[in-house]
Number of protein chains: 2
Amino acid sequence: MSGMAQTNTRTTRRFAYVPGVHDRAPTTARSPIKAVAEDKTDIGPLAAIATAVAFQPGAQILMEGDPAEHLFRITSGVVKVYRTLADGRCQITGFLFVGDFVGLAPEDTYLAGAVAVGPVTVSRFSRKKVELLVAVSPLVARLLLRRACSELIAAQDQMLLLGRKTAAERVASFLTQIGRRADGDHIELPMTRTDIADYLGLTIETVSRTMTQLREDGVIDVHRAKVHVLRPAELEARAEAA
Amino acid sequence: MSGMAQTNTRTTRRFAYVPGVHDRAPTTARSPIKAVAEDKTDIGPLAAIATAVAFQPGAQILMEGDPAEHLFRITSGVVKVYRTLADGRCQITGFLFVGDFVGLAPEDTYLAGAVAVGPVTVSRFSRKKVELLVAVSPLVARLLLRRACSELIAAQDQMLLLGRKTAAERVASFLTQIGRRADGDHIELPMTRTDIADYLGLTIETVSRTMTQLREDGVIDVHRAKVHVLRPAELEARAEAA
DNA sequence: CGAGTTTTTGAGGTGAGTCAACGCGTGTGG
DNA sequence: CCACACGCGTTGACTCACCTCAAAAACTCG
(Lines give C-alpha, C1' and ligand atoms only; values in the text may rest on other atoms or scores of the structure.)
Protein backbone atom coordinates (compact mmCIF):
# COMPACT_ATOMS: atom_id res chain seq x y z
CA MET A 1 0.00 0.00 0.00
CA SER A 2 1.29 3.37 0.89
CA GLY A 3 1.42 6.32 -1.29
CA MET A 4 5.03 6.18 -1.91
CA ALA A 5 6.72 7.53 -4.95
CA GLN A 6 6.09 5.34 -7.91
CA THR A 7 8.60 2.54 -8.10
CA ASN A 8 9.79 0.35 -10.89
CA THR A 9 6.51 -0.93 -12.07
CA ARG A 10 6.85 -2.76 -15.29
CA THR A 11 3.18 -2.97 -16.16
CA THR A 12 2.04 0.27 -14.58
CA ARG A 13 4.34 2.94 -15.83
CA ARG A 14 3.78 6.49 -14.73
CA PHE A 15 3.83 8.90 -17.60
CA ALA A 16 3.62 12.37 -16.20
CA TYR A 17 0.81 12.22 -13.68
CA VAL A 18 -1.95 9.67 -13.44
CA PRO A 19 -4.71 10.95 -11.20
CA GLY A 20 -6.69 8.55 -9.12
CA VAL A 21 -3.90 6.05 -8.82
CA HIS A 22 -1.21 7.93 -7.03
CA ASP A 23 -3.45 10.59 -5.73
CA ARG A 24 -4.48 8.88 -2.55
CA ALA A 25 -0.94 8.86 -1.36
CA PRO A 26 -0.07 12.54 -1.21
CA THR A 27 -3.55 13.22 0.13
CA THR A 28 -3.56 10.90 3.08
CA ALA A 29 0.18 10.99 3.32
CA ARG A 30 1.11 14.60 3.48
CA SER A 31 -0.38 14.96 6.91
CA PRO A 32 1.69 15.76 9.96
CA ILE A 33 -0.01 13.88 12.78
CA LYS A 34 1.33 14.75 16.12
CA ALA A 35 4.21 16.78 17.44
CA VAL A 36 6.90 14.69 19.09
CA ALA A 37 10.45 15.63 19.98
CA GLU A 38 12.77 12.93 21.20
CA ASP A 39 16.16 13.91 19.91
CA LYS A 40 19.19 13.66 22.14
CA THR A 41 22.96 14.15 21.74
CA ASP A 42 22.94 17.22 19.56
CA ILE A 43 23.69 20.88 19.29
CA GLY A 44 22.39 23.98 17.66
CA PRO A 45 21.09 27.49 17.85
CA LEU A 46 18.89 25.79 15.29
CA ALA A 47 16.88 24.54 18.25
CA ALA A 48 15.38 27.98 18.63
CA ILE A 49 13.70 27.86 15.23
CA ALA A 50 12.65 24.21 15.27
CA THR A 51 9.09 22.99 14.91
CA ALA A 52 8.33 19.38 15.80
CA VAL A 53 6.41 17.52 13.09
CA ALA A 54 5.38 13.89 12.66
CA PHE A 55 4.65 11.87 9.54
CA GLN A 56 2.75 8.63 9.04
CA PRO A 57 4.34 5.67 7.27
CA GLY A 58 4.44 6.40 3.56
CA ALA A 59 3.92 10.12 4.04
CA GLN A 60 5.57 12.39 1.51
CA ILE A 61 7.96 14.62 3.42
CA LEU A 62 9.11 16.47 0.36
CA MET A 63 8.45 16.13 -3.33
CA GLU A 64 10.70 16.40 -6.35
CA GLY A 65 10.25 19.82 -7.88
CA ASP A 66 8.54 21.48 -4.94
CA PRO A 67 9.92 24.81 -3.76
CA ALA A 68 12.50 24.22 -1.03
CA GLU A 69 10.89 25.93 1.92
CA HIS A 70 12.02 23.75 4.79
CA LEU A 71 14.91 21.79 6.14
CA PHE A 72 14.20 18.77 8.33
CA ARG A 73 16.19 16.88 10.90
CA ILE A 74 15.05 13.41 11.79
CA THR A 75 14.33 12.85 15.47
CA SER A 76 12.96 9.33 15.01
CA GLY A 77 12.24 6.90 12.21
CA VAL A 78 13.66 6.23 8.78
CA VAL A 79 13.30 8.30 5.62
CA LYS A 80 13.99 7.28 2.05
CA VAL A 81 15.26 9.81 -0.47
CA TYR A 82 14.69 9.04 -4.12
CA ARG A 83 14.93 10.23 -7.69
CA THR A 84 12.66 9.15 -10.50
CA LEU A 85 12.74 9.09 -14.27
CA ALA A 86 9.79 10.21 -16.38
CA ASP A 87 8.71 6.64 -17.09
CA GLY A 88 8.53 5.73 -13.41
CA ARG A 89 11.87 4.06 -12.84
CA CYS A 90 12.96 4.95 -9.34
CA GLN A 91 16.28 5.06 -7.57
CA ILE A 92 16.44 5.46 -3.83
CA THR A 93 19.57 7.51 -3.27
CA GLY A 94 19.72 6.93 0.44
CA PHE A 95 18.01 6.03 3.67
CA LEU A 96 18.24 8.66 6.38
CA PHE A 97 18.15 8.00 10.10
CA VAL A 98 17.96 9.86 13.40
CA GLY A 99 20.14 12.97 13.31
CA ASP A 100 20.30 13.18 9.53
CA PHE A 101 19.10 16.23 7.64
CA VAL A 102 16.44 15.96 4.97
CA GLY A 103 16.12 18.63 2.33
CA LEU A 104 19.69 19.79 1.86
CA ALA A 105 19.53 21.52 -1.49
CA PRO A 106 21.65 24.27 -2.99
CA GLU A 107 18.79 25.37 -5.20
CA ASP A 108 15.41 26.75 -4.25
CA THR A 109 13.75 23.58 -5.47
CA TYR A 110 13.96 20.08 -4.05
CA LEU A 111 15.58 17.83 -6.61
CA ALA A 112 14.81 14.62 -4.78
CA GLY A 113 11.72 13.30 -3.08
CA ALA A 114 11.61 12.05 0.49
CA VAL A 115 9.12 9.65 2.04
CA ALA A 116 8.70 8.34 5.57
CA VAL A 117 9.46 4.63 5.61
CA GLY A 118 7.80 4.04 8.96
CA PRO A 119 6.41 6.58 11.42
CA VAL A 120 8.78 9.55 11.44
CA THR A 121 9.24 12.58 13.61
CA VAL A 122 11.37 15.53 12.61
CA SER A 123 12.42 18.98 13.59
CA ARG A 124 11.40 21.37 10.86
CA PHE A 125 13.27 24.57 10.12
CA SER A 126 12.41 27.41 7.81
CA ARG A 127 14.92 27.40 5.00
CA LYS A 128 15.30 31.15 5.05
CA LYS A 129 16.00 31.20 8.75
CA VAL A 130 18.52 28.41 8.36
CA GLU A 131 20.35 30.36 5.70
CA LEU A 132 20.45 33.39 7.94
CA LEU A 133 21.80 31.26 10.76
CA VAL A 134 24.42 29.71 8.50
CA ALA A 135 25.58 33.17 7.52
CA VAL A 136 26.03 34.07 11.18
CA SER A 137 26.77 30.94 13.17
CA PRO A 138 29.87 28.97 12.18
CA LEU A 139 28.60 26.21 14.45
CA VAL A 140 25.49 25.65 12.39
CA ALA A 141 27.42 25.91 9.16
CA ARG A 142 29.93 23.37 10.39
CA LEU A 143 27.22 21.01 11.52
CA LEU A 144 25.54 21.12 8.12
CA LEU A 145 28.84 20.91 6.30
CA ARG A 146 29.86 17.84 8.27
CA ARG A 147 26.56 16.13 7.54
CA ALA A 148 26.70 17.03 3.87
CA CYS A 149 30.22 15.62 3.62
CA SER A 150 29.31 12.32 5.21
CA GLU A 151 26.31 12.03 2.95
CA LEU A 152 28.67 12.65 0.08
CA ILE A 153 30.90 9.81 1.23
CA ALA A 154 27.88 7.55 1.56
CA ALA A 155 26.84 8.56 -1.94
CA GLN A 156 30.25 7.60 -3.27
CA ASP A 157 29.98 4.21 -1.59
CA GLN A 158 26.63 3.75 -3.23
CA MET A 159 27.95 4.74 -6.64
CA LEU A 160 30.65 2.11 -6.31
CA LEU A 161 27.98 -0.40 -5.37
CA LEU A 162 25.65 0.54 -8.21
CA GLY A 163 28.35 0.79 -10.84
CA ARG A 164 30.59 -2.12 -10.02
CA LYS A 165 29.16 -4.66 -7.61
CA THR A 166 27.26 -7.83 -8.43
CA ALA A 167 23.78 -8.48 -7.08
CA ALA A 168 25.17 -10.75 -4.36
CA GLU A 169 27.70 -8.12 -3.30
CA ARG A 170 25.04 -5.41 -3.28
CA VAL A 171 22.71 -7.31 -1.00
CA ALA A 172 25.55 -8.33 1.31
CA SER A 173 26.78 -4.72 1.42
CA PHE A 174 23.29 -3.52 2.21
CA LEU A 175 22.82 -5.98 5.04
CA THR A 176 26.19 -5.13 6.62
CA GLN A 177 25.40 -1.44 6.23
CA ILE A 178 22.05 -1.76 7.97
CA GLY A 179 23.55 -4.19 10.44
CA ARG A 180 26.02 -1.56 11.58
CA ARG A 181 23.31 0.56 13.14
CA ALA A 182 21.52 -2.41 14.67
CA ASP A 183 23.01 -3.79 17.85
CA GLY A 184 23.81 -7.45 17.83
CA ASP A 185 23.22 -9.63 14.80
CA HIS A 186 19.45 -9.25 14.69
CA ILE A 187 18.44 -6.82 11.99
CA GLU A 188 14.95 -5.48 11.50
CA LEU A 189 14.51 -4.15 7.98
CA PRO A 190 12.14 -1.19 8.14
CA MET A 191 11.74 -0.99 4.37
CA THR A 192 10.04 -3.24 1.82
CA ARG A 193 11.76 -5.43 -0.74
CA THR A 194 10.75 -2.90 -3.36
CA ASP A 195 12.60 -0.19 -1.44
CA ILE A 196 15.65 -2.39 -1.13
CA ALA A 197 15.55 -3.16 -4.84
CA ASP A 198 15.17 0.52 -5.72
CA TYR A 199 18.09 1.30 -3.43
CA LEU A 200 20.38 -1.39 -4.84
CA GLY A 201 19.51 -0.89 -8.50
CA LEU A 202 17.99 -4.37 -8.76
CA THR A 203 14.54 -5.92 -9.08
CA ILE A 204 12.60 -7.29 -6.13
CA GLU A 205 12.92 -10.77 -7.60
CA THR A 206 16.70 -10.56 -7.66
CA VAL A 207 16.79 -9.21 -4.11
CA SER A 208 14.56 -12.06 -2.96
CA ARG A 209 16.56 -14.73 -4.77
CA THR A 210 19.85 -13.36 -3.49
CA MET A 211 18.64 -13.37 0.10
CA THR A 212 17.37 -16.90 -0.36
CA GLN A 213 20.83 -17.85 -1.56
CA LEU A 214 22.39 -16.27 1.53
CA ARG A 215 19.97 -18.24 3.66
CA GLU A 216 20.69 -21.51 1.88
CA ASP A 217 24.40 -20.85 2.35
CA GLY A 218 23.82 -20.48 6.07
CA VAL A 219 25.03 -16.89 6.18
CA ILE A 220 21.78 -15.35 7.35
CA ASP A 221 18.36 -16.35 8.55
CA VAL A 222 15.53 -14.42 6.92
CA HIS A 223 11.94 -14.16 7.81
CA ARG A 224 10.27 -11.24 6.11
CA ALA A 225 11.58 -8.07 7.70
CA LYS A 226 13.64 -9.93 10.28
CA VAL A 227 17.18 -10.90 9.42
CA HIS A 228 19.46 -12.84 11.71
CA VAL A 229 23.11 -12.68 10.72
CA LEU A 230 24.61 -16.09 11.45
CA ARG A 231 28.07 -15.51 10.01
CA PRO A 232 28.90 -11.80 10.03
CA ALA A 233 32.43 -12.32 8.75
CA GLU A 234 31.17 -14.26 5.76
CA LEU A 235 28.58 -11.59 5.04
CA GLU A 236 31.20 -8.87 5.07
CA ALA A 237 33.45 -10.95 2.88
CA ARG A 238 30.66 -11.19 0.32
CA ALA A 239 30.17 -7.46 0.44
CA GLU A 240 33.71 -6.83 -0.85
CA ALA A 241 34.14 -3.90 1.50
CA ALA A 242 30.88 -2.22 2.36
CA MET B 1 50.92 9.21 -19.28
CA SER B 2 48.78 7.47 -16.84
CA GLY B 3 49.72 6.24 -13.52
CA MET B 4 46.21 6.30 -12.89
CA ALA B 5 44.38 4.26 -10.41
CA GLN B 6 43.95 0.77 -11.62
CA THR B 7 40.84 0.42 -13.69
CA ASN B 8 38.68 -2.50 -14.61
CA THR B 9 41.33 -4.69 -16.08
CA ARG B 10 40.02 -8.14 -16.56
CA THR B 11 43.31 -9.85 -17.25
CA THR B 12 45.52 -7.73 -15.04
CA ARG B 13 43.78 -7.59 -11.73
CA ARG B 14 45.39 -5.65 -8.96
CA PHE B 15 45.60 -7.65 -5.81
CA ALA B 16 46.99 -5.39 -3.17
CA TYR B 17 49.99 -3.79 -4.81
CA VAL B 18 51.98 -4.91 -7.81
CA PRO B 19 55.33 -3.12 -7.89
CA GLY B 20 56.96 -2.30 -11.15
CA VAL B 21 53.70 -2.03 -13.01
CA HIS B 22 51.90 0.79 -11.30
CA ASP B 23 54.95 2.15 -9.62
CA ARG B 24 56.07 4.46 -12.32
CA ALA B 25 52.88 6.38 -12.03
CA PRO B 26 52.93 7.63 -8.45
CA THR B 27 56.66 8.26 -8.82
CA THR B 28 56.58 10.49 -11.84
CA ALA B 29 53.05 11.55 -11.12
CA ARG B 30 53.06 12.90 -7.62
CA SER B 31 55.17 15.84 -8.68
CA PRO B 32 53.91 19.36 -8.55
CA ILE B 33 55.48 21.02 -11.56
CA LYS B 34 54.95 24.71 -11.64
CA ALA B 35 52.91 27.15 -9.65
CA VAL B 36 50.11 28.70 -11.66
CA ALA B 37 47.11 30.65 -10.47
CA GLU B 38 44.44 31.50 -12.97
CA ASP B 39 41.25 31.38 -11.04
CA LYS B 40 38.69 34.11 -11.46
CA THR B 41 35.20 34.84 -10.16
CA ASP B 42 35.66 33.70 -6.60
CA ILE B 43 35.74 34.63 -2.98
CA GLY B 44 37.49 33.72 0.21
CA PRO B 45 39.63 34.56 3.16
CA LEU B 46 40.85 31.16 2.02
CA ALA B 47 42.97 33.05 -0.47
CA ALA B 48 45.31 34.02 2.32
CA ILE B 49 46.28 30.43 3.04
CA ALA B 50 46.40 29.17 -0.56
CA THR B 51 49.44 27.60 -2.19
CA ALA B 52 49.42 27.23 -5.95
CA VAL B 53 50.31 23.73 -7.13
CA ALA B 54 50.33 22.05 -10.54
CA PHE B 55 49.94 18.40 -11.53
CA GLN B 56 50.87 16.57 -14.70
CA PRO B 57 48.32 14.47 -16.56
CA GLY B 58 47.75 11.26 -14.65
CA ALA B 59 49.24 12.64 -11.46
CA GLN B 60 47.80 11.33 -8.24
CA ILE B 61 46.40 14.31 -6.35
CA LEU B 62 45.22 12.27 -3.44
CA MET B 63 45.13 8.60 -2.65
CA GLU B 64 42.50 6.42 -1.00
CA GLY B 65 43.50 5.86 2.58
CA ASP B 66 46.07 8.63 2.84
CA PRO B 67 45.77 11.00 5.80
CA ALA B 68 43.67 14.00 4.82
CA GLU B 69 46.13 16.84 5.15
CA HIS B 70 45.03 19.16 2.38
CA LEU B 71 42.04 20.57 0.64
CA PHE B 72 42.35 21.57 -3.01
CA ARG B 73 40.45 23.90 -5.24
CA ILE B 74 40.83 23.47 -8.96
CA THR B 75 42.03 26.54 -10.83
CA SER B 76 42.39 24.79 -14.18
CA GLY B 77 42.00 21.34 -15.66
CA VAL B 78 39.87 18.31 -14.88
CA VAL B 79 40.17 15.87 -11.97
CA LYS B 80 38.60 12.44 -11.63
CA VAL B 81 37.56 11.13 -8.21
CA TYR B 82 37.27 7.39 -7.83
CA ARG B 83 36.69 4.48 -5.50
CA THR B 84 38.10 1.01 -5.99
CA LEU B 85 37.35 -2.49 -4.77
CA ALA B 86 40.06 -4.84 -3.59
CA ASP B 87 40.08 -6.78 -6.86
CA GLY B 88 40.68 -3.67 -8.95
CA ARG B 89 37.19 -2.80 -10.05
CA CYS B 90 36.99 0.97 -10.20
CA GLN B 91 34.15 3.47 -10.08
CA ILE B 92 34.77 7.09 -10.94
CA THR B 93 32.39 8.96 -8.65
CA GLY B 94 32.78 12.27 -10.38
CA PHE B 95 34.74 14.57 -12.61
CA LEU B 96 35.66 17.89 -11.02
CA PHE B 97 36.26 21.14 -12.87
CA VAL B 98 37.47 24.68 -12.27
CA GLY B 99 36.16 26.00 -8.97
CA ASP B 100 35.38 22.59 -7.50
CA PHE B 101 36.93 21.41 -4.26
CA VAL B 102 38.94 18.21 -4.10
CA GLY B 103 39.43 16.43 -0.81
CA LEU B 104 36.22 17.20 1.04
CA ALA B 105 36.20 14.53 3.74
CA PRO B 106 34.62 14.46 7.17
CA GLU B 107 37.23 11.98 8.39
CA ASP B 108 40.95 12.43 8.75
CA THR B 109 41.53 9.99 5.92
CA TYR B 110 40.72 10.39 2.24
CA LEU B 111 38.14 7.79 1.29
CA ALA B 112 38.42 8.38 -2.42
CA GLY B 113 41.35 8.83 -4.76
CA ALA B 114 41.78 11.76 -7.12
CA VAL B 115 43.83 11.90 -10.30
CA ALA B 116 44.53 14.72 -12.74
CA VAL B 117 42.89 13.89 -16.07
CA GLY B 118 44.92 16.44 -18.02
CA PRO B 119 47.32 19.08 -16.72
CA VAL B 120 45.81 20.50 -13.57
CA THR B 121 46.50 23.50 -11.38
CA VAL B 122 45.03 23.93 -7.94
CA SER B 123 45.05 26.08 -4.87
CA ARG B 124 46.12 23.97 -1.95
CA PHE B 125 44.98 24.65 1.61
CA SER B 126 46.10 23.10 4.85
CA ARG B 127 43.20 21.10 6.20
CA LYS B 128 43.77 22.31 9.75
CA LYS B 129 43.78 25.93 8.69
CA VAL B 130 40.62 25.41 6.68
CA GLU B 131 38.87 23.94 9.69
CA LEU B 132 39.92 26.90 11.77
CA LEU B 133 38.61 29.24 9.09
CA VAL B 134 35.33 27.35 8.86
CA ALA B 135 34.89 27.72 12.61
CA VAL B 136 35.34 31.47 12.30
CA SER B 137 34.22 32.60 8.87
CA PRO B 138 30.62 31.90 7.91
CA LEU B 139 31.56 32.91 4.38
CA VAL B 140 34.02 30.05 4.01
CA ALA B 141 31.65 27.61 5.67
CA ARG B 142 28.85 28.66 3.35
CA LEU B 143 31.07 28.36 0.31
CA LEU B 144 32.08 24.83 1.24
CA LEU B 145 28.54 23.90 2.23
CA ARG B 146 27.19 25.11 -1.06
CA ARG B 147 29.76 23.12 -3.00
CA ALA B 148 29.20 20.02 -0.92
CA CYS B 149 25.45 20.25 -1.54
CA SER B 150 25.81 20.57 -5.27
CA GLU B 151 28.19 17.64 -5.32
CA LEU B 152 25.57 15.74 -3.39
CA ILE B 153 22.96 16.56 -6.01
CA ALA B 154 25.34 15.47 -8.73
CA ALA B 155 25.96 12.26 -6.83
CA GLN B 156 22.22 11.59 -6.68
CA ASP B 157 21.96 12.14 -10.41
CA GLN B 158 24.74 9.67 -10.90
CA MET B 159 23.12 7.10 -8.63
CA LEU B 160 19.95 7.32 -10.69
CA LEU B 161 22.05 6.84 -13.80
CA LEU B 162 23.99 3.88 -12.41
CA GLY B 163 21.02 2.19 -10.84
CA ARG B 164 18.31 2.67 -13.40
CA LYS B 165 19.48 3.85 -16.80
CA THR B 166 20.36 1.74 -19.82
CA ALA B 167 23.76 1.94 -21.47
CA ALA B 168 22.36 4.15 -24.23
CA GLU B 169 20.80 6.51 -21.69
CA ARG B 170 24.00 6.64 -19.67
CA VAL B 171 26.15 7.64 -22.59
CA ALA B 172 23.61 10.19 -23.79
CA SER B 173 23.35 11.61 -20.27
CA PHE B 174 27.11 11.82 -20.04
CA LEU B 175 27.45 13.65 -23.34
CA THR B 176 24.75 16.18 -22.48
CA GLN B 177 26.33 16.67 -19.07
CA ILE B 178 29.75 17.36 -20.54
CA GLY B 179 28.16 19.31 -23.36
CA ARG B 180 26.64 21.71 -20.84
CA ARG B 181 30.03 23.12 -19.90
CA ALA B 182 31.29 23.23 -23.45
CA ASP B 183 30.12 26.16 -25.53
CA GLY B 184 28.45 25.31 -28.77
CA ASP B 185 27.95 21.76 -29.92
CA HIS B 186 31.60 20.82 -30.19
CA ILE B 187 32.68 18.77 -27.20
CA GLU B 188 36.24 17.81 -26.42
CA LEU B 189 36.35 14.85 -24.08
CA PRO B 190 39.37 15.25 -21.82
CA MET B 191 39.12 11.71 -20.46
CA THR B 192 39.73 8.31 -22.02
CA ARG B 193 37.10 5.72 -22.90
CA THR B 194 38.21 3.76 -19.86
CA ASP B 195 37.47 6.76 -17.65
CA ILE B 196 34.05 7.18 -19.24
CA ALA B 197 33.31 3.50 -18.73
CA ASP B 198 34.41 3.63 -15.10
CA TYR B 199 32.22 6.69 -14.63
CA LEU B 200 29.15 5.19 -16.25
CA GLY B 201 29.45 1.74 -14.73
CA LEU B 202 29.99 0.16 -18.14
CA THR B 203 32.83 -1.44 -20.08
CA ILE B 204 34.87 0.39 -22.70
CA GLU B 205 33.43 -1.89 -25.34
CA THR B 206 29.88 -0.93 -24.46
CA VAL B 207 30.76 2.77 -24.39
CA SER B 208 32.36 2.44 -27.80
CA ARG B 209 29.47 0.50 -29.30
CA THR B 210 26.93 2.93 -27.89
CA MET B 211 28.73 5.95 -29.30
CA THR B 212 28.97 4.20 -32.64
CA GLN B 213 25.22 3.69 -32.52
CA LEU B 214 24.68 7.38 -31.79
CA ARG B 215 26.90 8.19 -34.76
CA GLU B 216 25.07 5.78 -37.07
CA ASP B 217 21.79 7.34 -35.95
CA GLY B 218 23.10 10.75 -36.96
CA VAL B 219 22.86 12.16 -33.45
CA ILE B 220 26.55 12.87 -32.98
CA ASP B 221 29.79 12.87 -34.92
CA VAL B 222 32.68 11.20 -33.10
CA HIS B 223 36.36 11.20 -33.79
CA ARG B 224 38.41 10.06 -30.86
CA ALA B 225 38.16 12.74 -28.19
CA LYS B 226 36.19 15.12 -30.39
CA VAL B 227 32.42 14.91 -30.38
CA HIS B 228 30.17 17.06 -32.53
CA VAL B 229 26.56 17.09 -31.40
CA LEU B 230 24.41 17.15 -34.53
CA ARG B 231 21.00 16.81 -32.90
CA PRO B 232 21.14 18.13 -29.32
CA ALA B 233 17.41 17.65 -28.74
CA GLU B 234 17.59 14.02 -29.79
CA LEU B 235 20.59 13.48 -27.51
CA GLU B 236 18.76 14.93 -24.54
CA ALA B 237 15.71 12.86 -25.35
CA ARG B 238 17.86 9.74 -25.23
CA ALA B 239 19.27 10.78 -21.88
CA GLU B 240 15.81 10.62 -20.24
CA ALA B 241 16.55 13.72 -18.23
CA ALA B 242 20.24 14.21 -17.57
C1' DC C 1 -12.15 -16.88 6.40
C1' DG C 2 -11.32 -14.27 2.21
C1' DA C 3 -9.55 -10.21 -0.38
C1' DG C 4 -5.52 -7.66 -1.06
C1' DT C 5 -0.66 -7.12 -0.64
C1' DT C 6 4.06 -8.62 -0.32
C1' DT C 7 7.42 -12.14 -0.99
C1' DT C 8 9.08 -16.17 -3.05
C1' DT C 9 9.87 -19.36 -6.76
C1' DG C 10 10.09 -20.83 -11.63
C1' DA C 11 11.00 -20.58 -16.63
C1' DG C 12 12.72 -18.14 -20.27
C1' DG C 13 14.73 -13.88 -22.61
C1' DT C 14 18.19 -10.18 -23.25
C1' DG C 15 21.29 -6.29 -22.49
C1' DA C 16 25.63 -5.74 -21.30
C1' DG C 17 29.93 -8.29 -20.26
C1' DT C 18 33.79 -11.24 -21.82
C1' DC C 19 37.20 -12.69 -24.85
C1' DA C 20 39.58 -11.88 -28.98
C1' DA C 21 41.10 -9.67 -33.08
C1' DC C 22 41.87 -5.65 -35.69
C1' DG C 23 42.53 -0.60 -36.96
C1' DC C 24 44.55 3.66 -36.16
C1' DG C 25 47.38 7.28 -34.52
C1' DT C 26 51.91 8.34 -32.30
C1' DG C 27 56.41 7.87 -30.99
C1' DT C 28 60.98 5.62 -31.57
C1' DG C 29 64.93 3.91 -33.59
C1' DG C 30 67.42 1.94 -37.37
C1' DC D 1 61.80 7.97 -44.01
C1' DC D 2 59.95 3.79 -43.04
C1' DA D 3 59.41 -0.42 -39.88
C1' DC D 4 57.91 -1.43 -35.64
C1' DA D 5 55.88 -1.24 -31.17
C1' DC D 6 52.63 0.51 -28.12
C1' DG D 7 48.44 2.53 -26.35
C1' DC D 8 43.87 3.48 -27.34
C1' DG D 9 39.64 2.71 -29.61
C1' DT D 10 36.58 -0.17 -32.45
C1' DT D 11 34.27 -4.29 -33.96
C1' DG D 12 32.67 -9.18 -33.78
C1' DA D 13 31.14 -13.61 -31.72
C1' DC D 14 29.59 -15.64 -27.78
C1' DT D 15 28.16 -15.98 -22.72
C1' DC D 16 25.83 -15.02 -18.61
C1' DA D 17 23.94 -12.25 -14.73
C1' DC D 18 20.12 -10.11 -14.15
C1' DC D 19 15.50 -8.85 -15.94
C1' DT D 20 10.78 -10.09 -17.43
C1' DC D 21 6.73 -12.49 -17.20
C1' DA D 22 3.95 -15.66 -14.59
C1' DA D 23 2.20 -18.11 -10.79
C1' DA D 24 2.20 -19.80 -6.24
C1' DA D 25 2.96 -19.02 -1.39
C1' DA D 26 2.90 -16.35 2.78
C1' DC D 27 1.46 -12.69 5.38
C1' DT D 28 -1.98 -8.79 6.80
C1' DC D 29 -6.18 -7.13 8.02
C1' DG D 30 -11.06 -6.50 8.00
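Predicted model only: the values in this text are computed from it and were never measured. Here is how names work: the chains are called A, B, and so on, in the same order as the sequence lines, proteins then strands, and each is numbered from 1.
Per the geometry, CZ belonging to R193(B) stands 10 Å off P belonging to dT11(D), to the nearest Å. The distance between atom CZ of R164(B) and atom C1' of dG15(C), rounded to the nearest whole Å, is 15 Å. Separating the CZ atom of R170(B) from the P atom of dG15(C) is a distance of 14 Å, rounded to the nearest angstrom. Summarising the geometry, the separation between CG on L202(B) and P on dT18(C) is reported as 11 Å, rounded to the nearest angstrom. Between the CD1 atom of I204(B) and the C1' atom of dA21(C) there is a distance of 13 Å, given to the nearest Å. Atom NZ of K165(B) is separated from atom P of dG15(C) by 19 Å (rounded to the nearest Å). Put simply, CG on D195(B) is 14 Å from C1' on dG9(D), counting in whole angstrom units. The CG atom of L189(B) sits 10 Å away from the P atom of dT10(D) (whole-angstrom rounding).
One end of the helix from dC1(C)-dG30(D) to dG30(C)-dC1(D) points its axis 30° away from the other end's axis, with each axis taken from 5 pairs and the angle rounded to 10°.
Near DNA chain C, meaning a heavy atom under 4.0 Å away, the residues from residues 206-221 of chain B are T206(B), R209(B).
For E205(B), whose side chain is taken as the heavy atoms from C-beta onward, the closest listed nucleotide among dA20(C), dA16(C), dT8(C) is dA20(C).
Sorted by first then second residue, the salt bridge (Lys or Arg N to Asp or Glu O under 4.0 Å) pairs that include residues 52-63 of chain B, not counting sequence neighbours, number zero.
Residues passing the side chain to side chain donor-acceptor pair (under 3.5 Å) test with S208(A), sequence neighbours excluded: none. Applying the side chain to side chain contact (heavy atoms under 4.5 Å, CB included) test to R215(B) and every residue at least two apart in sequence or in another chain returns T212(B), D221(B), V222(B). With sequence neighbours left out, the side chain to side chain donor-acceptor pair (under 3.5 Å) criterion links E216(B) to no other residue. Remark: R170(B) pairs with no residue by the salt bridge (Lys or Arg N to Asp or Glu O under 4.0 Å) rule, at least two apart or across chains. For Y110(A), the ring pair (Phe, Tyr, Trp, His ring centres under 6.0 Å) test picks out no residue, with sequence neighbours left out. Contacts of Y199(A) classified as ring pair (Phe, Tyr, Trp, His ring centres under 6.0 Å), with partners at least two apart in sequence or in another chain: F95(A), F174(A). Among residues two or more places apart in sequence or in another chain, the side chain to side chain contact (heavy atoms under 4.5 Å, CB included) test is passed with T166(A) by A168(A), E169(A), R89(B).
Within the 4.0 Å cut-off from OP1 or OP2 of dA17(D), not a single side-chain nitrogen or oxygen of T166(A) is found.
For D100(A) and R73(A), the salt-bridge test fails: no basic side-chain N is under 4.0 Å from an acidic carboxylate O. A salt bridge is defined here as a Lys NZ or Arg NE, NH1 or NH2 lying under 4.0 Å from an Asp or Glu carboxylate O, and R83(A) with D157(B) meets this definition.
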Just distance, no hydrogens or angles: give the donor-acceptor pairs under 3.5 Å from side chains in residues 227-234 of chain A, sequence neighbours left out.
{"residue": "R231(A)", "atom": "NH1", "partner": "D217(A)", "partner atom": "O", "Å": "3.0"}
{"residue": "E234(A)", "atom": "OE2", "partner": "R238(A)", "partner atom": "NE", "Å": "2.7"}
{"residue": "E234(A)", "atom": "OE2", "partner": "R238(A)", "partner atom": "NH2", "Å": "3.2"}

Got a list of protein N/O to nucleotides 26-30 of chain D N/O distances below 3.5 Å?
{"residue": "dC27(D)", "atom": "OP1", "partner": "H223(A)", "partner atom": "NE2", "Å": "3.2"}

